[in-house]
**Q** 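First the structure, then my questions, so here it is.
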Amino acid sequence: MSWGTELWDQFDNLEKHTQWGIDILEKYIKFVKERTDIELSYAKQLRNLSKKYQPKKNSKEEEEYKYTACKAFLSTLNEMNDYAGQHEVISENMTSQITVDLMRYVQELKQERKSNFHDGRKAQQHIETCWKQLESSKRRFERDCKEADRAQQYFEKMDADINVTKADVEKARQQAQLRHQMAEDSKADYSSILQRFNQEQWEYYHTHIPNIFQKIQEMEERRIVRIGESMKTYAEVDRQVIPIIGKCLDGIVKAAESIDQKNDSQLVVEAYKSGFEPPGDIEFEDYTQPMKRTVSENSLSSSKEGKPELKFGGKSRGKLWPFIKKNKSPKQQKEPLSHRFNEFMTSKPKIHCFRSLKRGLSLKLGATPEDFSNLPPEQRRKKLQQKVDDLNKEIQKETDQRDAITKMKDVYLKNPQMGDPASLDHKLAEVTQNIERLRLETQKFEAWLAEVEGRLPARSEQARRQSGMYDGQTHQTVTNCAQDRESSPDGSYTEEQSQESELKVLATDFDDEFDDEEPLPAIGTCKALYTFEGQNEGTISVVEGETLSVIEEDKGDGWTRIRRNEDEEGYVPTSYVEVYLDKNAKGAKTYI
């Protein structure tokens, strides 16, 4: 089956059909291109989804991912990220192997089609020209024959007329012969042109047109084969990533199977275990003792003998006298918080150690103590251990840097042309100073850690001096605690008293005052010199150039308390801000 023989007279329809084939190919290219755009968009959305649920660095969410269920979810997010990457691979492969290749082929196809139909039109124009020549020679031959016939009839008429001279007859005869000769020449020319036209026409319909149509047929068949191969490539591109996508899904299943509920339960215990012992049994308090004392009042001997009966279980109830709380009258005006606090600071402590008060105040103010004394023992031990490990890592890092600088200095000493050894002295001294500072910090936290773990009998004096802003008062409080044990009315003050009752009384007093506490007034303003990321509890983040209110100046610990928008306050390093104190403010200093 050949288009040249079967469709020899369908030149125009073949031209339309081949153009339709190119349009189909371009439509398929557009389809693949849109599919690649969808794959890219889908991959981008998957990556954004995975990124959206990734834990943020240095946040509480990051700590939650120690649980196996959260780890499995994180693995799922990572696998989804790889899954999105495979869709990007699909898009890239379809673009390079199908879209780009077919677009180039379409251009070649259009050029080849244009060339073939140009040859076909050229052959058509040639055969049409030959046909016009044939028609022209035919008409000339017909005209010459008619002219020769008329000339012959005129000659015969003149020859038969006796009145015509011989000269006129001769002239008519010559004219007839001339016309006859012209007719013969036209006949020969027409015959020659006709023979040549028949030859051209045979070649046109049996050679030129079949060859041209055969090329067009081959071109069209190559287009059909090419689009079929592209469809196969389209499927293969998808099939190639199926194993990797399967691995991603297998990774998600493996992550799900790695979830261990028992391990997560143990992590909850480790995260929230306080280390305290459960409370013991509550002792029976005998309120019938006053009745017995009243019955025996008339006898001195019975009174003396009744004294021991005031004790229950070998413990004196008189030891609670400093902690008896007066009943508040509804009409009694509440004293200001500052008066109550000053009274507490000047009086004997109502709890056995000032550290408990410091811990409560730290929680109220939103600041985390350096020694983590606000945490339960077990949690405090973990925080201190983590701090010691971090400091050891920093020390190792600084030590490596010092060794590298020392080696570089030795190289400069041996080869002065490479650099000046003296230029490294400042950096070496700075690194050495940092190492010493970190070692002191490590010793301080190790001392606190040893105290928590029971390795040391008590907190060292050096660590106590470095613990915070209440250090001097702490020593005085401990001393006062010891004095109180000796100065109780009955001399029986012991640590076995009901400390829980004491703490409840004090906590009730301070809770009442803090609930009614008014916001501290501003004593000045400050401008942030640098950006500070307040990541610890009690601190506040500031941006360089930001202006805020100062509500508490530096007390010598390197921190200044500031406020933003009346509802957000916290501490920032004093060196990070430039302070402008109000001279009229109470207790404000006049420095910048």
Side-chain angles (χ1 to χ4, degrees), residues 1-4 6-7 10 12-54 75-118 120 212-256:
M1 182 183 64
S2 174
W3 287 5
E6 303 290 339
L7 303 174
Q10 300 297 323
D12 294 337
N13 288 331
L14 288 180
E15 186 176 15
K16 294 178 182 179
H17 177 77
T18 53
Q19 180 61 44
W20 171 83
I22 293 177
D23 294 339
I24 288 294
L25 188 58
E26 290 179 338
K27 183 184 294 187
Y28 181 74
I29 293 173
K30 185 178 180 181
F31 160 75
V32 176
K33 188 176 181 181
E34 291 182 1
R35 164 70 189 279
T36 58
D37 293 340
I38 291 173
E39 293 292 342
L40 282 178
S41 177
Y42 181 53
K44 183 179 180 181
Q45 292 179 10
L46 285 179
R47 288 191 184 278
N48 291 338
L49 180 64
S50 177
K51 183 179 179 181
K52 177 181 178 181
Y53 288 94
Q54 287 283 348
S75 299
T76 301
L77 295 178
N78 295 333
E79 294 295 344
M80 288 303 299
N81 201 36
D82 297 339
Y83 185 86
Q86 297 309 309
H87 286 278
E88 291 177 347
V89 171
I90 291 176
S91 176
E92 293 174 0
N93 291 340
M94 285 188 176
T95 300
S96 60
Q97 300 179 21
I98 300 178
T99 305
V100 175
D101 193 34
L102 285 183
M103 290 179 67
R104 183 172 57 250
Y105 176 71
V106 164
Q107 297 301 323
E108 297 175 355
L109 189 64
K110 288 181 178 180
Q111 189 66 29
E112 182 180 1
R113 175 180 175 276
K114 181 179 178 181
S115 176
N116 290 331
F117 281 99
H118 176 73
I212 293 173
F213 281 15
Q214 184 66 28
K215 292 179 181 179
I216 295 174
Q217 182 181 357
E218 293 175 356
M219 177 193 71
E220 183 68 10
E221 290 175 353
R222 287 198 308 271
R223 178 193 66 80
I224 296 172
V225 172
R226 194 62 171 269
I227 196 172
E229 292 176 350
S230 299
M231 290 179 180
K232 290 181 180 179
T233 305
Y234 178 87
E236 288 297 327
V237 167
D238 263 339
R239 184 178 286 112
Q240 288 173 359
V241 300
I242 288 177
I244 303 178
I245 291 178
K247 290 182 179 179
C248 295
L249 299 178
D250 292 341
I252 295 176
V253 173
K254 185 177 180 181

**Q** Hey, mind stepping through E92 and L40 against side chain to side chain contact (heavy atoms under 4.5 Å, CB included) and telling me if it holds?
**A** CA-CA 9 Å; E92 293 174 0; L40 282 178; 5.8 Å; no
**Q** Measure the shortest side-chain to side-chain distance between Q111 and S115 over non-hydrogen atoms and say whether it is less than 4.5 angstrom.
**A**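 Of all side-chain heavy-atom pairs linking S115 with Q111, none is under 4.5 Å.
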**Q** Let's go through L49 and M80 carefully: what are the C-alpha distance in whole Å and the side-chain angles of both, what is the deciding distance for side chain to side chain contact (heavy atoms under 4.5 Å, CB included) to 0.1 Å, and is it a yes or a no?
**A** CA-CA 9 Å; L49 180 64; M80 288 303 299; 5.8 Å; no
**Q** Check each of V106, T99, V100 against M103 using the side-chain contact (heavy atoms from CB on, under 4.5 Å) test, and report the only one that passes.
**A**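 One option only clears the test, and that one is T99.
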**Q** Taking C-beta and beyond as the side chain, do E15 and D12 meet within less than 4.5 Å on heavy atoms?
**A**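 E15 reaches D12 side chain to side chain.
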**Q** Do V89 and E39 have side chains that approach each other closer than 4.5 Å (heavy atoms only, starting at C-beta)?
**A**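 They are not in contact (no side-chain heavy atoms under 4.5 Å apart), so the answer is no.
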**Q** Please enumerate all residues that pass salt bridge (Lys or Arg N to Asp or Glu O under 4.0 Å) together with K247, with sequence neighbours excluded.
**A**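 Salt bridge (Lys or Arg N to Asp or Glu O under 4.0 Å) list for K247, sorted by chain: empty.
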**Q** Cut-off 3.5 Å, side chains only: do Q217 and E221 have a donor facing an acceptor?
**A** yes
**Q** Taking all heavy atoms of Q214 and all of S2, pick out the closest pair and write down the distance.
**A**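 Taking Q214 first and S2 second, the nearest heavy atoms are OE1-OG, 3.0 Å.
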**Q** When rounded to the nearest 0.5 angstrom, what distance separates OG in S75 from CD1 in I252?
**A** 9.5 Å
**Q** Kindly compute the distance separating CG (L109) from CD1 (I22), expressed to the nearest 0.5 Å.
**A** 4.5 Å
**Q** Determine yes or no for a side-chain-to-main-chain donor-acceptor pair under 3.5 angstrom, with S230 supplying the side chain and R226 the backbone.
**A**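 It does hold such a pair.
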**Q** Should the ring pair F31 and Y234 be called parallel, tilted or perpendicular, given that the plane angle runs from 0 to 90° and is split at 30 and 60?
**A** tilted
**Q** OG1 of T36 to CD of E88: how many Å apart, nearest 0.5 Å?
**A**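 Result: 12.5 Å between the selected atoms.
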**Q** Taking C-beta and beyond as the side chain, do Y28 and M231 meet within less than 4.5 Å on heavy atoms?
**A**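 Answer yes - side chains close enough.
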**Q** Rounded to the nearest 0.5 Å, how far does CD of E6 lie from CZ of F213?
**A**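 Rounded to the nearest 0.5 Å, the CZ-CD separation comes to 12.5 Å.
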**Q** Any side-chain heavy atom of R113 within less than 4.5 Å of one from I216?
**A** no
**Q** Look up atom CG in D238 and atom NE2 in H87, then write down how far apart they are to the nearest 0.5 Å.
**A** 8.5 Å
**Q** Salt-bridge test for K215 and E218: reply yes if a basic N is under 4.0 Å from a carboxylate O, no otherwise.
**A**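 No.
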**Q** Could you list the residues that satisfy salt bridge (Lys or Arg N to Asp or Glu O under 4.0 Å) with D23, not counting sequence neighbours?
**A**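 Residues passing salt bridge (Lys or Arg N to Asp or Glu O under 4.0 Å) with D23: none at all.
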**Q** Locate the shortest heavy-atom distance separating G251 from E79; write the atom from each residue and the value.
**A**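 It is CA-OE2, 3.9 Å.
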**Q** Quick one: are E220 and H17 in side-chain contact, heavy atoms under 4.5 Å?
**A** yes
**Q** Would you say that K110 contacts E26 through its side chain, given a criterion of any heavy-atom pair below 4.5 Å between the two side chains?
**A** yes
**Q** What's the verdict on side chain to side chain contact (heavy atoms under 4.5 Å, CB included) for N93 and E236, showing C-alpha distance, side-chain angles and the deciding distance?
**A** CA-CA 10 Å; N93 291 340; E236 288 297 327; over 6 Å; no
**Q** Rounded to the nearest 0.5 Å, what separates atom CD1 in I245 from atom CD in Q86?
**A** 6.0 Å
**Q** So, the side chain of T95 versus the backbone of S91: is there a donor-acceptor pair under 3.5 Å, distance only?
**A** yes
**Q** Could you tell me which residues satisfy ring pair (Phe, Tyr, Trp, His ring centres under 6.0 Å) with F117, sequence neighbours excluded, listed by chain and number?
**A** F11
**Q** For residues R222 and Y105, determine if any side-chain heavy atom of one lies less than 4.5 Å from a side-chain heavy atom of the other.
**A**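 The answer is yes, as the side chains (C-beta and beyond) meet within the 4.5 Å cut-off.
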